[in-house]
Amino acid sequence: LMAGEPADPVSNPGLFGEQVLPLTDRLVVRSGARVDWASANIEAIPDGYTATQVRALLGANNFDRDFALWAAYITGEYEVDCHWTATAGFGHAERPPTVTELYALQPFLAILQQGCSTVRGNSELDPERLWQIDLGLRGDYGRLRGGLHGFYAWVEDYITYKALGTLVGVPDGLGVQFVNTELATLSGGEVYAEYDWNEYLTPFAAM
């Protein structure tokens, strides 16, 4: 626990299942799903705070939170020829707020560009919910291997920061609170290659 964070237990039991289904000699489909139950609560008020102060900072009277979460995905691999394999996938996943995001009582954390920021938890946060598409292509010519991969994701209730104001007497200091934003998008890609120069040396590059 960090200074300014109440003592709080977290439990997260889950159940996962996966299926691999070869549809043809060239096409393999994988699918899976997981269900989780996450629970968090404040068990002890940290030194220097009263219960009334904690309730006022976090804006709630009840800190017991339970989250029913699920994830699922389906992916496919298709052998275009003896050297190239195309991949694609679609999935959904959910992430519960961390104990810092739920219950932080204004500790200093170097998480923003200002460098000297205090963060306040938000015990009413909703879990993040993500939908993602993946596409890729990889090649294997024995000694030479490589590939490229890209993804695009939509995140409902993405957890980010809301500015509360500057900190008195702290240059560039900023107070923020964790909040949900309606929608965020994430995208990216990579390309890589490697070559077995000899029995002992394999140069590689990735971007």
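In Asp81, the CG atom is crowded: over 12 heavy atoms of neighbouring residues, nucleotides or ligands sit closer than 6.0 Å. Counting heavy atoms of neighbouring residues, nucleotides and ligands inside a 6.0 Å radius, atom CZ of Phe204 does not exceed 12 of them.
No side-chain heavy atom of Arg95 sits under 4.5 Å from any side-chain heavy atom of Pro127. Taking 4.5 Å as the limit, some side-chain heavy atom of Val20 sits within range of a side-chain heavy atom of Val28. Between Thr202 and Arg145 the shortest side-chain heavy-atom distance falls below 4.5 Å. By the 4.5 Å heavy-atom criterion applied to side chains, Val54 and Phe63 are counted as neighbours. Counting heavy atoms from C-beta outward, Val155 and Thr185 have side chains that stay 4.5 Å or more apart. By the 4.5 Å heavy-atom criterion applied to side chains, Ser117 and Tyr161 are not counted as neighbours. Asp64 places a side-chain heavy atom less than 4.5 Å from the side chain of Ser39. With a 4.5 Å cut-off on side-chain heavy atoms, Leu164 and Val176 do not count as touching.
Tyr141 and Trp84 share a donor-acceptor pair across their side chains, judged by distance under 3.5 Å alone. Glu18 and Tyr73 share a side-chain donor-acceptor pair at under 3.5 Å.
Listed for the His92 side chain is a donor-acceptor partner under 3.5 Å among the backbone atoms of Leu130. Without hydrogens or angle criteria, Arg143 side chain to Asp196 main chain gives a donor-acceptor distance under 3.5 Å. For Asn180 (side chain) and Asp126 (main-chain N/O), a donor-acceptor pair under 3.5 Å exists by modelled atom type. No donor-acceptor pair closer than 3.5 Å links the side chain of Tyr103 to the backbone N or O of Thr98. Side chain of Gln177 to backbone of Gly121: a donor-acceptor contact under 3.5 angstrom is found. The closest donor-acceptor contact from the side chain of Arg65 to the backbone of Ser123 lies under 3.5 Å.
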Practice prompt. Could you please spell out the steps behind the salt bridge (Lys or Arg N to Asp or Glu O under 4.0 Å) verdict for Arg138 and Asp140?
Written response: CA-CA 7 Å; Arg138 66 175 185 266; Asp140 187 344; over 6 Å; no
Item to complete: Start with the C-alpha distance between Trp70 and Asp36, add both sets of side-chain angles, then the distance that settles side chain to side chain contact (heavy atoms under 4.5 Å, CB included), and finish with yes or no.
Response: CA-CA 6 Å; Trp70 66 277; Asp36 286 86; over 6 Å; no
Item to complete: Could you please spell out the steps behind the salt bridge (Lys or Arg N to Asp or Glu O under 4.0 Å) verdict for Glu79 and Arg26?
Response: CA-CA 5 Å; Glu79 293 185 6; Arg26 293 189 173 190; 5.9 Å; no
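Transitive grouping of hydrophobic side chains (ILVMFWY, heavy atoms separated by less than 4.5 Å) brings Ile74 and Leu27 into a common cluster. A continuous path of ILVMFWY side-chain contacts below 4.5 Å connects Trp131 to Ile133, so both sit in one hydrophobic cluster. Taking hydrophobic clusters as Ile, Leu, Val, Met, Phe, Trp and Tyr residues chained together by side-chain heavy-atom distances below 4.5 Å, Phe151 does not share a cluster with Leu183.
To the nearest 0.5 angstrom, Leu135 atom CG is 12.0 Å from Phe90 atom CZ. The distance from the CD atom of Glu194 to the OH atom of Tyr192 is 7.5 Å, given to the nearest 0.5 Å. Here the straight-line distance linking atom OG1 of Thr87 with atom CG of Asp134 works out to 7.5 Å at 0.5 Å rounding.
A pairwise comparison of heavy atoms in Ala33 and Phe16 identifies O-CD1, 3.3 Å as the closest pair. The two atoms that bring Glu94 and Leu69 nearest to each other are OE1-CA, 3.4 Å, heavy atoms only. Here the closest non-hydrogen pair linking Phe178 and Ile159 is CD2-CG2, 4.1 Å. The heavy-atom pair separating Leu102 from Ala40 by the smallest distance is CD1-CB, 4.0 Å.
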